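Below is one structure; the comments refer to it alone.
Side chains included, hydrogens not; waters and symmetry mates left out as well; all remaining heavy atoms used. Remember, it's a predicted structure, so these values are computed and weren't measured experimentally. If you read the sequence from its start, that first residue is 1, and numbering goes on from there.
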Amino acid sequence: MTIDEEFDKLLKQFHKLSDRHILVAETDMSCSDIQKVVELSDRIRKAGNELVGLMKKNYDQLMRTKRYRGLLKLYGSTKDKQKRKMLADQLNEIQKQYNVTGDYCRKSMIPIGKKYGINAVFALTKAEDVWHGIEKCLYGNGKTLHFSKHGDLPCIRAKQTKCGIILKVKDNQLQFKLGKSVFGIQVKDRFQTDEVNAVLDYLAAPEIADRKAVQTLLEDAYCISTYRPCYATLVPKLIRGKYRVYLHLTIEGRAKPKYDRFGNPRHKYGKGIIGADIGTQTVAYTSDTETGLKNLSERGNSIQTSERLERLYYRAMDRSRRATNPQNYNDDGTVKKGAKTWNYSNHYKKLKARHAELCRINATNRHLAINEDANHLRSIGDVFITEPKNAAKLMKRATKTTVNNKGKINKKKRFGKSIKNRCPGSFQAAVENKFKASGGTYIEVPNNYRASQYDHTADDYIKKKLSDRMYKLTDGTLVQRDWYSSFLLYCYDFRTSDINKDKCAAKFDKCYSMEKELIEWIKTNKIKILNSGIKIA
């Protein structure tokens, strides 16, 4: 192996190990170019749907095969490695027979891409996305493949900087080319300026930066941030009735630090342990210096009003749809089975546009609120301890039909709306990423930790009802249940992965006084904390 070949091999290894982040900036495209991008995105959607239809047919035929289902069941119940490998080979062979493979998915996309006039790079990238969905169904928790509906605009991604969306430097600025359209990005703040300058520095001398990266990897076993532009993605969005196109530039390395207008770091990193109990709508946390109990994904007091307005718009749309399509409904109000033709009035279309815009604004506010809360938690500690993620399980409806004491059937719904509006899973994932990326530690306790059931004054696990939000310990102390769970997570023993009873006894009085001050502050400011049991006069 020559020196150059060895260097290329090490460089590829560095690319696999290094971190990546995404710079988001709006493009400076003209109106005509934006319309071309939207039209291309819609063609990619149609091509993707055609491929999904083909692969879904093959996948359904595969899952109807008794032999495949039998082997799948055997594979799940077998623990012997050799037998599992033999069964896996047989499963793969059947997948090949029914054309449920990545190669078939990519090859099938080539004629479909030509049919819709799509660049081969974009077509193959879309084929990869479809195959990831099939892999989720084959090996993960996926159930079926889904089609993209009319109005959805998939991103336009090229996993190279020299094909599809070409990156160049002109007049010391980044310039991109899509077909015959040439455009740049709007750099609006200091963070974007620092990121762009770092990319320009790399592109000015890429060989030097690559050699330094490989040398650091060999000597220190550490990946430096080279800020190599990996590939670009165009994301069209409909905002306030107009299309805007954003560029997502994937960059090698960690993101540049952010500063405020005075030049101070925007995000400060604290030291200490944080125990957090993440519920369906709230988060309670305990740290060395602060306790907290707040609603998730909330900025100010506007989110509940926005959620109600979403429901009102949706109900108005339903009334309009029923009035213009009475032939599609039964006498009891249910929708008729079979193929139907729908007519939509201009009033319905206006309501739908308002509803879509409101949903977009609410989604953006949730995203910003989640990031703000994650940054605040990182500022008060560097070790985050919480329970395992369970939002997806809580969202599912109950399968069994049960009857209450009065003989009425209990509702099967669970926490779907709460999770949709408050996004506890997204919050937990954002906190995990924030702590790991900034040098902190993220810990999920074992399932047998049971922070919500333990009572440190009795040194015993006492089962409580879900409705008991304010709970009296055996010594008579009244505690807010979510906060107390966060306190028990704060008292985590790193050696035994269990509750540290000595720490509970030593730290409880101090933390309990902070909790009482917090509840008084909530009552004084008349803040409504959902499902907390805190009554506001």
Okay, side chain of D171, backbone of Q173: is any donor-acceptor separation there less than 3.5 Å? no
Is there a side chain to side chain contact (heavy atoms under 4.5 Å, CB included) between L23 and V196? Walk through the geometry before answering. CA-CA 9 Å; L23 171 66; V196 170; 4.1 Å; yes
From CA spacing to verdict: side chain to side chain donor-acceptor pair (under 3.5 Å), N141, K136: CA-CA 6 Å; N141 57 356; K136 231 176 194 180; 5.4 Å; no
Polar side-chain atom of N49 near backbone of F147 as donor-acceptor pair, under 3.5 Å: no
Please report the C-alpha distance between E195 and H21 in whole Å, then the side-chain angles of each, then the deciding distance to 0.1 Å, and finally whether the side chain to side chain donor-acceptor pair (under 3.5 Å) criterion is met. CA-CA 11 Å; E195 288 279 325; H21 67 279; 2.7 Å; yes
After noting the C-alpha distance and the side-chain angles of T101 and Q95, does the key distance pass the side chain to side chain donor-acceptor pair (under 3.5 Å) rule? CA-CA 7 Å; T101 61; Q95 287 175 16; over 6 Å; no
Salt-bridge contact R228-D210 (side-chain N to carboxylate O under 4.0 Å): no
side-chain hydrogen bond (donor to acceptor under 3.5 Å, both in side chains) contacts in which one or both residues fall within residues 181-193, not counting sequence neighbours: D33-S181
Verify, without hydrogens or angle tests, whether N343 (side chain) and N325 (backbone) share a donor-acceptor contact under 3.5 angstrom. no
Should T280 and R422 be marked as a side chain to side chain donor-acceptor pair (under 3.5 Å) after you check the CA-CA gap, both sets of side-chain angles, and the distance that decides it? CA-CA 7 Å; T280 54; R422 299 293 169 172; over 6 Å; no
Tell me whether E357 is salt-bridged to R360, with the criterion being a basic N under 4.0 Å from an acidic carboxylate O. yes
Please confirm whether Y202 and Y227 have ring centers closer than 6.0 angstrom. no
Does atom NZ of K336 have more than 12 heavy-atom neighbours from other groups under 6.0 Å away? yes
Side-chain donor/acceptor of T386 to backbone N/O of A276, under 3.5 Å: yes
State plainly whether the residues D89 and K85 are in salt-bridge range, i.e. N to O under 4.0 Å. yes
For D103, is there an ion pair with K107 - N to carboxylate O distance below 4.0 angstrom? no
Against Y116, only a single residue in R43, E50, K46, R45 fulfils side chain to side chain donor-acceptor pair (under 3.5 Å); can you say which? E50
Closer than 4.0 angstrom, basic N to acidic O: yes or no for K436 and E432? yes
